> 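Pasting a structure below so you can have a look.
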Amino acid sequence: ESILGIGENGHDLGSVELYPNPARKVVNIGNAQNLELERADIYDLTGRLVQSFSLKEMAKAKELNVENLASATYVVIIKGRDGQITKRLLKE
């Protein structure tokens with residue numbers, strides 16, 4: 001996991017969670033600090049964008065449907081107002 005960008009308000013994108021992982025049908029993004037998140041982009045390991053979700057106006061958690069993704073490892077880039085964080089997702 002890596003964090004890019006520096007938050008001005010002390011907000012920590014590292015607090016954003018991705019669960020359950022590995023996932024089967026859905027994966028949740030947990031946002032306990034109510035950070036201003038904008039989008040989640042899911043990429044395969046070749047760098048191809050395979051799915052994108054808007055996170056605008058989300059509450060403490062948002063459920064993402066990943067049922068149509070093939071069983072593989074993916075990279076999820078969660079973008080917020082104060083930067084972005086990269087998470088790894090294993091789809092069963």
Side-chain angles (χ1 to χ4, degrees):
E1 297 178 358
S2 63
I3 300 173
L4 300 176
I6 298 173
E8 299 170 5
N9 305 4
H11 293 152
D12 182 11
L13 283 170
S15 70
V16 176
E17 298 177 310
L18 191 67
Y19 62 92
N21 198 0
R24 288 200 172 120
K25 294 185 178 185
V26 297
V27 66
N28 296 290
I29 294 180
N31 182 14
Q33 291 187 10
N34 276 337
L35 302 175
E36 288 186 48
L37 301 179
E38 296 171 359
R39 64 186 306 104
D41 295 325
I42 302 177
Y43 295 88
D44 65 17
L45 292 182
T46 66
R48 184 175 59 98
L49 178 65
V50 293
Q51 216 165 3
S52 188
F53 298 93
S54 173
L55 301 179
K56 291 183 187 274
E57 300 178 16
M58 74 173 272
K60 298 238 183 235
K62 178 154 180 150
E63 185 177 276
L64 309 180
N65 183 343
V66 294
E67 188 172 15
N68 62 334
L69 296 180
S71 296
T73 300
Y74 295 90
V75 174
V76 182
I77 298 179
I78 300 167
K79 297 178 182 175
R81 189 179 62 115
D82 295 321
Q84 69 182 33
I85 185 166
T86 303
K87 302 268 188 186
R88 189 169 35 119
L89 169 65
L90 180 60
K91 169 67 168 64
E92 291 184 332

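Note that the coordinates shown come from a computational prediction; the quantities given were computed from them, not determined experimentally. Numbers for residues simply follow the sequence, beginning at 1.
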> Give a yes or no on whether Leu45 and Leu49 share a hydrophobic cluster (residues Ile, Leu, Val, Met, Phe, Trp, Tyr; joining criterion: side-chain heavy atoms under 4.5 Å apart).
yes

> Is Leu69 reachable from Val76 through a run of I, L, V, M, F, W or Y residues, each pair having side-chain heavy atoms under 4.5 Å apart?
yes

> Within a radius of less than 6.0 Å around NZ of Lys60, do more than 12 heavy atoms belonging to other residues, nucleotides or ligands occur?
yes

> Can you name the nearest heavy-atom pair linking Gly83 to Leu13, along with the distance?
C-CD1, 3.4 Å

> Could you tell me whether the side chain of Glu17 and the main chain of Ala32 form a donor-acceptor pair under 3.5 Å?
no

> Same cluster or not: are Val16 and Val75 linked, directly or through other Ile, Leu, Val, Met, Phe, Trp or Tyr residues, by side-chain heavy atoms under 4.5 angstrom apart?
no

> Can you tell me how far CD1 of Ile42 sits from CG of Leu89, rounded to the nearest 0.5 angstrom?
6.0 Å

> Please round to the nearest 0.5 Å and tell me the distance separating atom NZ of Lys79 and atom CD of Gln84.
5.5 Å

> Looking only at non-hydrogen atoms, find the nearest pair between Val66 and Ala23 and report the distance.
CG2-CB, 4.4 Å

> Supply the atom-to-atom distance Leu90 CG to Leu18 CG, rounded to the nearest 0.5 angstrom.
11.0 Å

> Going from NZ on Lys56 to CZ on Arg81, what distance comes out if it is rounded to the nearest 0.5 angstrom?
11.5 Å

> Start with the C-alpha gap between Arg48 and Val50, add the side-chain angles, then the distance that decides, and say whether side-chain contact (heavy atoms from CB on, under 4.5 Å) holds.
CA-CA 6 Å; Arg48 184 175 59 98; Val50 293; 3.7 Å; yes

> Which value, rounded to the nearest 0.5 Å, describes the distance between Ile77 atom CD1 and Lys87 atom NZ?
13.0 Å

> Indicate yes or no: does Arg24 engage Glu92 in a salt bridge with an N to O separation below 4.0 Å.
yes

> Search all heavy atoms of Pro20 against all heavy atoms of Val26 and return the closest pair with its distance.
CD-O, 3.9 Å

> Hey, is the main chain of Ser54 close enough, under 3.5 Å, to the side chain of Lys62 for a donor-acceptor pair?
yes

> Looking at Tyr74 and Asp44, what are the two nearest heavy atoms and their distance?
CD2-CA, 3.8 Å

> State the CG-OG distance between Asn31 and Ser15, to the nearest 0.5 angstrom.
6.5 Å

> Sub-3.5 Å donor-acceptor pair from the side chain of Asn28 to the main-chain atoms of Gly30, do we have one?
no

> Please report the closest heavy-atom contact between Ile85 and Gly14, naming both atoms and the distance.
CD1-CA, 3.7 Å

> Any donor-acceptor pair under 3.5 Å linking the side-chain atoms of Thr73 with those of Arg88?
no

> Do you know which two heavy atoms are closest between Ile78 and Ile29, and how far apart they sit?
CD1-CD1, 4.1 Å

